[in-house]
Amino acid sequence: MKPYAVTIAELERSVTVSREFMNSVFGGGTRKSFVKIRLEKFKEHGYNDFAYLTTEVDSLAPSLAGQPGLFFSTREAFDHEYTPVWMKEPYIFRVFTRLESSRWLYQGQYKFAHCKTLTAKEWGEQGEKVVQNTWAHNIAQYRWGADVRGRIAYREQSGRDPSAAQLKEMLVEEATKKTAAFPHITKEKVLSAFQKGKEHMVIWKMECVGYDEGFQRRIAAEFKAWELGQNLTHKYEDIKPVVRNQKVETGVRQRYMKNIPQRTKVGTKKRGEQGEVVQYVPRGTRSRPLQSS
């Protein structure tokens, strides 16, 4: 696959953003790779094709804008119950890759196409133990790995693979329980299933078919403003308010802070709160009296 010629200036192309910012502006949450945008958010900005990839799971994801890459999956099609309904062929996504913590880089518009299914030997030859362990851990822990866990659980019980109908019935039954589906299927059992060739990893090739320069310029500009607003918010959140009727330990005695003069209430006490948040208003001194505005 040939790389896509990205013409935007390097200074603009290299600006990264955080998932918290993307969730705040575009929605979709901060954890899933393929996110579903709420209708209200979609009406605001018109985007519903985001994909967030990490090298811990997808070691061959694009590292530079426009460059091709590979995507790992346990499925050969995006047609399972956890897939957003808008995810239709030809599977073109607005791809971000994580460079480091809280630094996500927009790489371009990528078309995903099924490439091949790895054999147990090929999966073992990847040489990326971190990738293999991460996949096993995630499949054992997260909801989207329920079908893999279900197949492993069925093999343990019956010694053969379940049919599609049997697996669906198992998943429906597990969904009625309060616990996660098939909680007894551990990371070690998942890892073993892949190593023995009972489960398989599917490779999708990623070809860059476009680059939205306007989108990159937008998020680069808006992220700076958003980050500044977050910093100011955290700065003022560090100021601890005085609480009226707060219990204070003083040696063997206990006293309450009551009727503190020159303090003004901010906000209203809600049911269940232990005290009222008040704001301190300084009186000034003789040499420096408080100036009224």
Please tell me if the side chains of Val95 and Phe112 come closer than 4.5 Å, counting only heavy atoms from C-beta onward.
yes
Residues two or more places apart in sequence or in another chain: which of them pass side chain to side chain contact (heavy atoms under 4.5 Å, CB included) with Lys43?
Leu39
Gap separating the OG atom of Ser158 from the CD atom of Gln166, nearest 0.5 angstrom
7.5 Å
If you measure from CD on Glu56 to CG on Asn133, what distance do you get to the nearest 0.5 Å?
12.5 Å
Taking Pro68's backbone N and O only, do any of them form a donor-acceptor pair with Tyr110's side chain (distance below 3.5 Å, no angle check)?
no
Taking a hydrophobic cluster as the set of Ile, Leu, Val, Met, Phe, Trp and Tyr residues connected by side-chain heavy atoms closer than 4.5 Å, whether directly or through intermediates, do Tyr154 and Ile139 fall within one such cluster?
yes
Identified ring-ring contact (aromatic ring centres under 6.0 Å, His included) counterpart of Phe96 within the set Trp104, Phe21, Phe34, Tyr106:
Tyr106
With distance as the sole test, does Gln216 use its side chain to make a donor-acceptor pair with the main-chain N or O of Glu12 at under 3.5 Å?
yes
Do Asn138 and Trp144 make a side-chain contact, defined as non-hydrogen atoms from C-beta onward lying under 4.5 Å apart?
yes
Do Leu70 and Leu64 sit in the same hydrophobic cluster, where Ile, Leu, Val, Met, Phe, Trp and Tyr count as joined when their side-chain heavy atoms come under 4.5 Å apart?
no
Report the C-alpha distance between Arg13 and Glu10 in whole Å, list the side-chain angles of each, state the deciding distance to 0.1 Å, and finish with yes or no for salt bridge (charged side-chain N to carboxylate O under 4.0 Å, His left out).
CA-CA 5 Å; Arg13 183 171 70 236; Glu10 172 65 23; 2.3 Å; yes
If every non-hydrogen atom of Cys208 is compared with every non-hydrogen atom of Gly210, which pair is closest and at what distance?
SG-O, 3.3 Å
Please check if atom NZ in Lys189 has more than 12 non-hydrogen atoms from other residues, nucleotides or ligands closer than 6.0 Å.
yes
Residues two or more places apart in sequence or in another chain: which of them pass side chain to side chain donor-acceptor pair (under 3.5 Å) with Lys177?
Glu174
Are the side chains of Leu60 and Met206 in touch, meaning some heavy atoms are under 4.5 Å apart?
no
Restricting to salt bridge (Lys or Arg N to Asp or Glu O under 4.0 Å), what partner residues turn up for Glu40, sequence neighbours left out?
Arg38
Atom of Ala140, atom of Thr186 and distance for their closest heavy-atom approach
CB-C, 3.8 Å
Stepwise side chain to side chain contact (heavy atoms under 4.5 Å, CB included) check, Ile185 with Glu156:
CA-CA 10 Å; Ile185 302 302; Glu156 287 184 345; 3.9 Å; yes
Members other than Val172 in its cluster, when Ile, Leu, Val, Met, Phe, Trp, Tyr link by side-chain heavy atoms under 4.5 Å?
none
Could you state whether Phe93 and Phe71 fall into the same hydrophobic cluster, counting links through intermediate Ile, Leu, Val, Met, Phe, Trp or Tyr residues with side-chain heavy atoms under 4.5 angstrom apart?
yes
Just so I know, are the side chains of Asp49 and Ile92 near enough to count as touching, which here means a heavy-atom distance under 4.5 Å?
no
With sequence neighbours left out, the residues meeting side chain to side chain donor-acceptor pair (under 3.5 Å) with Glu100 are Arg103
Only counting residues at least two apart or in another chain, list the ones meeting salt bridge (Lys or Arg N to Asp or Glu O under 4.0 Å) with Glu199.
Arg151, Arg155
Applying salt bridge (Lys or Arg N to Asp or Glu O under 4.0 Å), name anything that partners Lys187, two or more places apart in sequence or on another chain.
none
Among all residues two or more places apart in sequence or in another chain, which pass the salt bridge (Lys or Arg N to Asp or Glu O under 4.0 Å) test with Glu213?
Arg217
Would you indicate whether Glu169, at its atom CD, is surrounded by more than 12 heavy atoms from other residues, nucleotides or ligands within a distance under 6.0 Å?
no
Find the distance between CG (Leu99) and OG1 (Thr54) and round it off to the nearest 0.5 Å.
11.5 Å
So which atom in Pro62 and which in Gln67 form the shortest heavy-atom distance, rounded to 0.1 Å?
CB-O, 3.5 Å
CE/Met22 to CD/Glu222 distance, rounded to the nearest 0.5 angstrom?
10.0 Å
Heavy-atom closest pair, residues Tyr4 and Tyr211:
CE2-N, 3.8 Å
Within the 4.5 Å heavy-atom criterion, are His114 and Val202 side-chain neighbours or not?
yes
Suppose we screen for side chain to side chain donor-acceptor pair (under 3.5 Å). Which residues come up paired with Ser24, at least two apart in sequence or across chains?
Trp226
Going through the distances and angles, do Arg31 and Tyr142 end up as a side chain to side chain contact (heavy atoms under 4.5 Å, CB included)?
CA-CA 11 Å; Arg31 301 189 65 179; Tyr142 294 119; 3.3 Å; yes
Please report the shortest heavy-atom distance between Val35 and Gly28, naming the atom on each side.
CG1-O, 3.3 Å
Would Ile203 end up clustered with Trp135 when hydrophobic side chains under 4.5 Å apart are linked, directly or stepwise?
yes
Test of understanding: with side chain to side chain donor-acceptor pair (under 3.5 Å), list the residues that count as partners of Glu44, not counting sequence neighbours.
none
Transitive ILVMFWY cluster of Leu191 at side-chain heavy atoms under 4.5 Å: who else is in it?
none
Please examine the side chains of Phe223 and Ser18, heavy atoms only from C-beta on, and report whether any two atoms are closer than 4.5 Å.
yes
OG/Ser14 to CD1/Ile8 distance, rounded to the nearest 0.5 angstrom?
9.5 Å
With sequence neighbours excluded, what pairs up with His45 under the ring-ring contact (aromatic ring centres under 6.0 Å, His included) test?
Phe26, Tyr47
Using 30° and 60° as the class boundaries, would you call the ring planes of Trp123 and Phe194 parallel, tilted or perpendicular?
tilted
Is there side-chain contact between Arg98 and Arg19, with at least one heavy-atom pair below 4.5 Å?
no
Which pair of non-hydrogen atoms, one from Asn23 and one from Gly29, has the smallest distance, and what is that distance?
OD1-N, 2.8 Å
Under 4.5 Å between any side-chain heavy atoms of Gln109 and Phe215, yes or no?
no
Joint cluster assignment, Leu118 & Val57, ILVMFWY side-chain distance < 4.5 Å
yes
How long is the span from the NE2 atom in His200 to the NZ atom in Lys116, to the nearest 0.5 Å?
12.0 Å
